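Some notes on the structure that comes next.
Each chain gets a letter, A, B and so on, in the order the sequences are listed, and its residues count up from 1. All of these numbers come straight from a predicted model, not from anything done at the bench.
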Amino acid sequence: MPTRADTAPLRTAVSESLFSERRLRAALLLLAVLWLVCAVVLPMAQIAGISLRNDHGVWVGLANFKTYFTNPALSTSLWNSLYVSAATTLVSVPLAFVFAYALTRTDIPLKGFFRGLAMAPLFAPTLLYGITLVYLFGRKGLVTTGFFGFFSRVLGFDPSVDIGLYGKVGIILSEIIFTFPQAMLILSIALRATDARLYEAAQALGASRIRTFFTVTLPGVKYGLLSAVCVSLILCFTDFGAPKVVGGQFNVLATDIYKQVIGQQNFAMGATVSVVLLLPTVLAFLLDRLVQRRQAALIVAKSVPLAPCAAPWTRLFHFCFCSLISLGLLVFLGTALFASLVKVWPYDLSLSLLHFRFENMGGGGYDALSNSIRMSLYSAVAGTTVTFFSAYLIEKSRGMRSLRQTAYFLSMAPLALPGLVIGLAYIFFFNAPTWQLAGFAIPNPFNRIYGTMAILVLCNMVHFYSVCFLTATTALKQLDKEFEAVSESMGVPFYKTFFRVTAPVCLPAIVEIGQFYFVNSMATVSAVIFLYSADIPLASVAVANMDDAGDIAPAAAMSVLIVLVNIVARNVFGFVSARLSHRSQSWSKRAS
Amino acid sequence: MTHATSASPDHGYLAASDLVKRYGHFTALGGVSFTVNKGEFVSVLGPSGCGKTTILRVVSGLERQDQGRVLIAGRDVSALSTARRNVGIVFQSYALFPNLTAAQNVAYGLKNSIGAQKAIARRVHELMTLVGLQGMQTKYPAQLSGGQQQRVALARAMALSPDILLLDEPLSALDAQVRSHLRLEIKALQQRLGVTTMMVTHDQEEALTMADRILVMDQGTVVQQGSPRDIYDAPATPFVASFIGAMNFLTGARKLDQGLFELGGSRFQAAREPQPLAIGQQATLGIRPEDVAFKKSETLRDNRLQAKVGHLEFRGPSTRVSLVLTQAGPRIPIEADLPAATARELRLAPEAMVQLELPAERVSAYVAA
């Protein structure tokens with residue numbers, strides 16, 4: 001028998017080697033945290049710091065905020081922003097709900113077409129929504145002039161209406177189009193996850209259809225609904241493109257930041273407005289996170305899929321509804337295309353490619369377009385690599401709990417950051433030749449990338465990071481969690497398994513992430529408008545600048561080009577995905 | 001223990017001493033020691049949450065124990081990573097790489113150096129033949145049946161000729177028929193290769209049929225170890241008795257003398273007393289349902305009890321009879337399993353009075369709970 005001394009607690013006797021895999025993983029994870037700290041935490045801390053100083057860098061505490069809230073010219077924007085966001089959400093979420101319901105719970109025809117069309121607005125910069133509204137409802141708009149007087153001339157009555165586009169009406173209309181696809185996406189996912197047995201039980205208990213809707217359907221999607229509301233609120237609250245075009249004298253926070261910084265060079269006030277913009281956004285973000293966590297706990301054992309409703313009246317209603325929405329979107333997109341092709345709206349409606357020449361225009365023309373494409377490509381490649389690999393490290397490492405949780409939280413944080421705020425923060429952070437830290441001046445190691453393509457790519461990576469990170473995490477969660485253990489037991493290093501198994505199996509998600517980065521980088525205005533330099537003009541910024549200069553038709557033309565590039569890109573991504581799938585995903589098809 | 005036996009290398013080929021593992025406040029392993037001899041098939045059996053999977057993960061190095069150590073082939077591997085312990089693992093889910101063919105899965109751990117291709121191909125062929133999957137090399141996991149996938153996982157685990165083969169609930173994902181077939185196959189393969197094997201399972205039938213020796217675990221400790229027959233015949237505690245097979249517990253007995261008990265006025269001989277009892281102490285008598293015998297009504301003798309039939313459950317090859325003892329004070333329930341032939345002969349009906357015999361050599365006495 002062993003003596004007592006033998007059985008005394010034996011801590012790890014042999015020390016592990018210096019370059020063990022565990023250490024390598026820990027180091028890489030630390031690197032992931034570090035990159036998020038540099039790209040997210042530090043710039044945000046700096047913008048918060050600047051909001052507490054005056055223009056000369058002297059500490060003034062909350063004085064800027066006091067100025068802001070006591071100056072009605074400034075603080076009305078806050079209420080305007082809140083008003084616009086609430087009004088938009090009230091319209092767009094119910095519309096999105098019915099649309100998503102039709103696509104998921106009824107068996108109407110043309111579902112693919114409806115879904116594709118509803119997603120189309122995601123391809124365009126939000127500026128385009130404003131521009132198109134100007135063509136429809138502006139002073140010389142199609143509707144305002146009664147189809148250029150066509151009705152009064154030919155039919156003898158005048159249906160023209162002036163809806164008073166410029167101001168809140170225009171903003172709300174644009175934002176509805178902007179938030180509709182995003183809310184629709186969230187709600188279709190929520191509506192799809194249901195259990196037919198609940199409906200059978202309700203039916204067996206004799207509940208009416210209305211009662212079933214309120215006791216089964218709505219409670220089942222309440223988290224999705226809340227999430228859609230939060231996302232819709234955040235999106236309108238922080239959007240810059242639409243208010244810039246159709247806002248008129250109606251000031252909102254996003255345009256205020258722009259005016260303070262670009263117009264008045266008042267950086268301190270710009271930072272202050274940014275913080276004001278950030279607070280409700282962060283609140284909505286935290287609420288959404290809280291709700292999401294609840295929802296994860298709600299998903300239980302395997303449920304029975306619900307057969308789509310085939311009752312003729314339900315089908316008819318939903319089909320008409322989807323058709324109407326789609327018709328609206330078609331008219332909208334058609335108008336944009338038409339306006340970009342018309343010679344002189346509304347006097348000479350003959351078609352030409354005149355506006356696509358961008359001669360003597362500000363904004364950079366085709367150089368800007370090619371820069372945008374390059375930037376989007378870089379963002380897609382760099383963003384996908386970084387996002388997927390850090391999601392892998394966070395999801396598939398054992399131990400190191402606190403490090404992984406920190407990394408996870410930091411990865412989700414960019415979701416709460418409006419593009420404008422990221423852009424402004426990056427000016428402060430990267431433009432400063434030195435950083436003041438506790439009284440010391442430290443040379444800024446990142447200063448060199450200011451005004452280059454790199455900062456634009458970095459900005460896009462951070463701006464769209466969280467959604468991609470979530471996509472990657474979801475895909476990784478579906479892999480067997482013992483892959484790493486198996487490789488370890490065979491002495492195969494984790495990076496080999498990552499390249500041979502994990503990445504190939506997750507290929508569809510990786511392509512989706514790349515596509516998301518590309519499409520959004522093409523369309524974004526808010527984040528890059530502060531950061532682009534004169535040497536590197538961008539297409540979406542060109543739209544804003546041409547619109548500013550009154551060249552609305554070329555602005556529409558450039559927007560149409562952006563949409564076209566995105567449609568082409570989507571097809572290329574789809575093609576690449578299909579090809580790669582054919583080669584590397586052949587395993588997923590059963591032979592027999 | 002492990003130190004004393006180091007003279008014979010086959011004995012205690014895998015030795016774990018005093019393993020402790022805690023997750024926060026939860027103690028998964030509370031000082032577990034055991035040995036596995038070379039070539040032996042040991043099964044770790046216990047209900048879910050008893051710590052059996054933790055043992056496997058500590059032995060493999062996937063989890064680091066808080067205390068205690070693990071020796072494989074006389075080598076202290078306590079602090080080594082999984083990669084350096086030379087163990088093969090088959091997981092419950094198999095964890096086959098879905099994008100690699102069966103052959104690529106099996107070859108995954110083989111060092112791919114220049115000129116080794118032929119050797120690898122030969123080894124893979126050898127392993128695939130071993131598990132009976134010749135000609136399946138180019139199939140992807142999704143194209144294989146559950147049983148075939150399981151065998152690929154087994155071949156992959158054996159590819160590097162591990163010192164220890166660890167099986168984590170290897171059959172639980174399969175349907176009943178395949179499972180009983182594969183049980184025999186895995187056992188035969190293990191014997192043919194002579195690989196030292198440790199299998200974690202919650203299925204008593206699996207443990208009984210496959211293992212040379214069983215470790216029964218409960219709440220982070222080993223409560224009994226021994227051959228399947230020993231454990232079934234002489235369960236050390238009421239927990240083991242009821243977890244492996246079924247057992248009747250007749251409460252309210254009292255110890256009269258060595259091996260002699262009193263219950264409801266009758267005297268009982270009990271062959272086993274796994275837990276020491278003092279004379280006069282309250283005891284619980286345990287007997288398995290299949291050991292309960294029905295006797296024609298005679299005068300009561302030792303080891304016999306009067307009982308009333310309550311409910312009959314027809315189970316095909318056997319019939320489960322639920323009865324109530326009538327002579328003991330509180331009405332103690334007892335169940336008996338009768339082979340179909342005996343049941344037909346007895347023609348029992350509810351409410352019938354019968355006399356039961358509990359054969360002395362089948363009765364165990366435990367400390368009253």
Practice problem: Please look at B:L96 and chain A and tell me whether the side chain, the backbone, both or neither of the residue comes under 4.5 angstrom of a heavy atom of that chain. | Solution: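 Backbone of B:L96 only, per the 4.5 Å heavy-atom cut-off to chain A.
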Quiz prompt | Region of B:R57 in contact with chain A, defined by heavy-atom distances below 4.5 Å | solution =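 Just the side chain, heavy atoms under 4.5 Å.
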Interatomic distance, [X] atom [atom1] to [Y] atom [atom2] [nearest 0.5 angstrom]:
X: A:S489; Y: B:R84; atom1: OG; atom2: CZ; value: 15.5 Å
X: A:L479; Y: B:F97; atom1: CG; atom2: CZ; value: 10.5 Å
X: B:R64; Y: A:R22; atom1: CZ; atom2: CZ; value: 7.5 Å

Answer yes or no: are there more than 12 heavy-atom neighbours, outside [X] itself, under 6.0 Å from its atom [atom1]?
X: A:R570; atom1: CZ; answer: no
X: A:F573; atom1: CZ; answer: yes
X: B:Y23; atom1: OH; answer: yes
X: B:Q134; atom1: CD; answer: yes

Heavy-atom check, side chain of [X] versus side chain of [Y], under 4.5 Å:
X: A:R500; Y: B:Y108; value: yes
X: A:V486; Y: B:Y94; value: no
X: B:S93; Y: A:E482; value: yes

Self-check item: Top contributor to chain A contacts, counting heavy-atom pairs under 4.5 Å, from B:I89, B:L62, B:L160
Solution: B:L62
Exercise. Work out which heavy atom in A:V501 is nearest to a heavy atom in B:P98; give both atom names and the distance.
Key: CG1-CD, 4.5 Å
Quiz item: Where do A:G491 and B:A83 come nearest, in terms of heavy atoms and distance?
Solution: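 Closest heavy-atom pair between A:G491 and B:A83: CA-CB, 3.7 Å.
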Exercise. Let me know if A:K496 has heavy atoms under 4.5 Å from chain B in its side chain, its backbone, both or neither.
Key: both
Quiz prompt | Proximal component of A:T497, with respect to chain B [non-hydrogen, under 4.5 Å] | solution = both
